[in-house]
Amino acid sequence: MTVILGIEGTAWNLSAAVISEEAVISEAESTYKPPHGGIHPREAAQHHASELKEVVSRVLRGADLDSMTDIDAVAFSQGPGMGPCLRIVATAARALSISLKIPLIGVNHCIAHIEIGRWRCGAEDPVVLYVSGANTQVLAYRSGVYRILGETLDIGIGNALDKFARYLDLSHPGGPKIEALASKGTKYVYMPYIVKGMDLSFSGLSTAAKDALTVHKHKTEDVCYSFQETAFAMLTEITERAMAHQSKDEMLLAGGVAANRRLQQMLQTMCQDRGARFYVPETRYLGDNGTMIAYLGMQMLKTGTTTPIEQSKVRPNFRPDEVEVTWRN
Ligand code: AMP
Ligand code: MG
């Protein structure tokens, strides 16, 4: 039996998991909650540094292994993410790999979101909409690579929601709070809908939403509703175009923003209209989690893909299309 320890800590969540072949054995996490405002990279990194020992000890205790030597490899999020946070996790993973004499596996965080979704939902070859704090991408697999078919030209959809939420004095993460307010909105007010080919822009939305409140005096609920309707329609449009161009009849939704019910509903309707299957994994595997890192680490280890220490430097701008996908054929 192969056992992998995975550690995630690209931004707000420090999370570890121990998995065997294809079952989750143990999970532990510690979430950084900014006292006010957004995530400060150095403060989040300090949180991860002070919690790491506890989280790793807890996940190992939970796994009830006879000893640490039962772990076959340690996987970690190598990027993309916040540099200071990535370095804390990478340092710990390297130390474990060296002291236990087990392989180290540097994992692309975006692909981990995709692969845990494929695993949990049984999707075979979907077009993926990956929506998180910092990232927004539409991807599909072809010839050994997850190709990026469309993406944000500026900020991720999660950050756009969080930014507007901060303006409303709502605490981090703002996405779920905007969702709750939006569900009470009834009137659509104008928001900029910016799709350029297969790419998107969200930075103007937060500003437009502020203006809708302060200049045009619309109700907060209506502004949240309109913000969501606009941003999610943009996402649905490029996802549908990707499915048409790639001739794919499956769609997988991944990343923290995927928890949003309205986004799920819009994509589900689009898939139904096309006769395609829509997949979204259970909520706990949507936001950043250690299990997805351990799971992708397992797939990589099985095909002999490991990371020598000298190549384990963190990659804050690591793009999913830089990864050679060895575990799919
Ligand atoms: P991740 O980086 O994948 O963990 O995703 C974090 C992002 O997901 C943050 O920007 C959150 O505001 C956002 N998020 C979480 N839940 C929801 C939700 N229900 N609706 C919209 N955004 C959400
Ligand atoms: Mg993420």
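Below, each value reflects all heavy atoms present in this structure, side chains not excepted, and no hydrogens, waters or symmetry copies.
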Please tabulate, for the side chains in residues 267-275, all donor-acceptor contacts under 3.5 angstrom to protein atoms that are two or more places apart in sequence or on a different chain.
{"unit_1": "T269", "atom_1": "OG1", "unit_2": "Q265", "atom_2": "O", "d": "2.9"}
{"unit_1": "R274", "atom_1": "NH1", "unit_2": "E240", "atom_2": "OE2", "d": "3.3"}

So, [X] versus [Y]: side-chain donor-acceptor pair below 3.5 Å or not?
| X | Y | answer |
| --- | --- | --- |
| E115 | Y146 | yes |
| N289 | E29 | no |
| S77 | T10 | no |

Side chain to side chain contact (heavy atoms under 4.5 Å, CB included) with Y130: which of L252, N135, T136?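 Single side chain to side chain contact (heavy atoms under 4.5 Å, CB included) partner of Y130 among L252, N135, T136: N135.
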Among residues two or more places apart or on two chains, list those pairs meeting side chain to side chain donor-acceptor pair (under 3.5 Å) that have a residue in residues 205-216.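 For residues 205-216: none.
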Scan residues 97-107 for pairs that pass side chain to side chain donor-acceptor pair (under 3.5 Å), counting only residues two or more places apart or in two chains.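 Applying side chain to side chain donor-acceptor pair (under 3.5 Å) to every pair that reaches into residues 97-107, excluding sequence neighbours, yields nothing.
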Between K248 and E124 (salt bridge meaning N to carboxylate O under 4.0 Å), is one present in this structure?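 Salt bridge: no.
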Below 4.0 angstrom, N of the basic side chain to O of the carboxylate: do E221 and K187 qualify?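 A salt bridge is absent here (no side-chain N lies under 4.0 Å from a carboxylate O).
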Donor-acceptor contacts under 3.5 Å from residues 178-186 side chains, at least two apart:
{"unit_1": "E179", "atom_1": "OE2", "unit_2": "R261", "atom_2": "N", "d": "2.7"}
{"unit_1": "S183", "atom_1": "OG", "unit_2": "A180", "atom_2": "O", "d": "2.7"}

Partners of Y285 by ring-ring contact (aromatic ring centres under 6.0 Å, His included), sequence neighbours excluded?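 Y285: no ring-ring contact (aromatic ring centres under 6.0 Å, His included) contacts found.
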Residues in side chain to side chain contact (heavy atoms under 4.5 Å, CB included) with E21, at least two apart?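 With neighbours one apart ignored, the set is T2, M298, K302.
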